[in-house]
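Report on one structure; see the data block that follows.
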Amino acid sequence: MRLRSGDVTWVTWGNRKQEANSNFPNGGWARLNSIYAGKWKPWHPRPVLIAADQFMEKDQDAQSHWIPLDQRMVIQGLLAERKKEQRVYVVTIDTPPEYAWIHDRWPRLLRLKQ
């Protein structure tokens, strides 16, 4: 995660099936509409910024597509907490039309002010 100071710290991403950690939802994504609907409230969600210079989505044929990010762009994340443990989830929105052939969800991208 990108801190307000500009530094970066590491937090475990999501909850993988092989972990079987019942404290957190499975997967690594949080749809924006589910956040607004209050589905994440049990995990005391906080918005965070995820530093990245690119991200990858796989299409229906499991082919990887790397999307580069402008250096002023970050990925919106959701920091979830339970029992003094934290996990970060990528906040997703509907895919922009030009990439709709890849996947039906897309990371929510934000432009830094500075």
Side-chain angles (χ1 to χ4, degrees):
M1 294 184 324
R2 185 177 189 274
L3 303 174
R4 287 186 179 147
S5 66
D7 293 335
V8 174
T9 188
W10 295 95
V11 176
T12 301
W13 176 35
N15 186 27
R16 298 291 169 242
K17 289 179 186 175
Q18 59 270 26
E19 285 184 86
N21 184 335
S22 62
N23 291 328
F24 294 96
N26 286 333
W29 302 272
R31 289 194 182 267
L32 185 60
N33 57 2
S34 72
I35 297 167
Y36 288 150
K39 294 180 180 178
W40 286 86
K41 280 189 178 184
W43 295 276
H44 313 287
R46 288 189 294 164
V48 295
L49 303 177
I50 300 171
D53 55 12
Q54 60 184 337
F55 66 91
M56 188 266 298
E57 287 289 348
K58 289 191 177 194
D59 64 23
Q60 294 176 355
D61 297 324
Q63 294 296 311
S64 298
H65 299 276
W66 286 94
I67 311 298
L69 295 177
D70 178 282
Q71 67 181 4
R72 294 167 302 205
M73 299 299 285
V74 292
I75 298 170
Q76 168 105 48
L78 176 146
L79 185 66
E81 295 185 64
R82 181 165 284 169
K83 297 182 181 177
K84 298 184 181 181
E85 188 177 355
Q86 296 180 326
R87 299 291 174 105
V88 68
Y89 291 78
V90 174
V91 174
T92 61
I93 57 174
D94 291 337
T95 304
E98 65 269 26
Y99 294 107
W101 59 275
I102 296 176
H103 206 285
D104 68 342
R105 70 166 189 282
W106 202 251
R108 186 175 193 211
L109 304 176
L110 303 174
R111 182 171 299 281
L112 295 173
K113 293 177 183 172
Q114 39 182 333

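Start at 1 with the first residue, then count along the sequence.
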Looking only at non-hydrogen atoms, find the nearest pair between [X] and [Y] and report the distance.
X      : Y     : value
Arg82  : Phe24 : N-CZ, 3.9 Å
Val91  : Leu78 : CG2-N, 3.9 Å
Asp104 : Thr95 : C-OG1, 3.2 Å
Gly14  : Arg87 : O-NH1, 2.6 Å
Pro47  : Gln76 : CB-NE2, 3.3 Å
Lys58  : Ser64 : CE-OG, 3.5 Å

Between [X] and [Y], is there a shared hydrophobic cluster once you connect ILVMFWY residues whose side-chain heavy atoms come closer than 4.5 Å?
X      : Y     : result
Ile102 : Leu69 : yes
Leu112 : Ile67 : no
Met73  : Tyr99 : yes
Leu49  : Ile75 : no
Tyr89  : Trp10 : no

Within 45° cone and under 6.0 Å: Arg46 NZ/CZ vs Trp43 ring: no
Tell me, yes or no, whether the heavy-atom count around Glu98 atom CD, taken from other residues, nucleotides or ligands under 6.0 Å, exceeds 12. yes
Look at atom CD of Gln60 and say whether more than 12 heavy atoms of other residues, nucleotides or ligands are closer to it than 6.0 Å. no
Which value, rounded to the nearest 0.5 Å, describes the distance between Gln18 atom CD and Asn26 atom CG? 10.0 Å
Could you check whether any side-chain N or O of Trp13 sits under 3.5 Å from a backbone N or O of Gly28, counting only pairs where one atom can act as donor and the other as acceptor? yes
With distance as the sole test, does Asp59 use its side chain to make a donor-acceptor pair with the main-chain N or O of Asp61 at under 3.5 Å? yes
Pair Val90, Phe55 - check side-chain contact (heavy atoms from CB on, under 4.5 Å), show working. CA-CA 11 Å; Val90 174; Phe55 66 91; over 6 Å; no
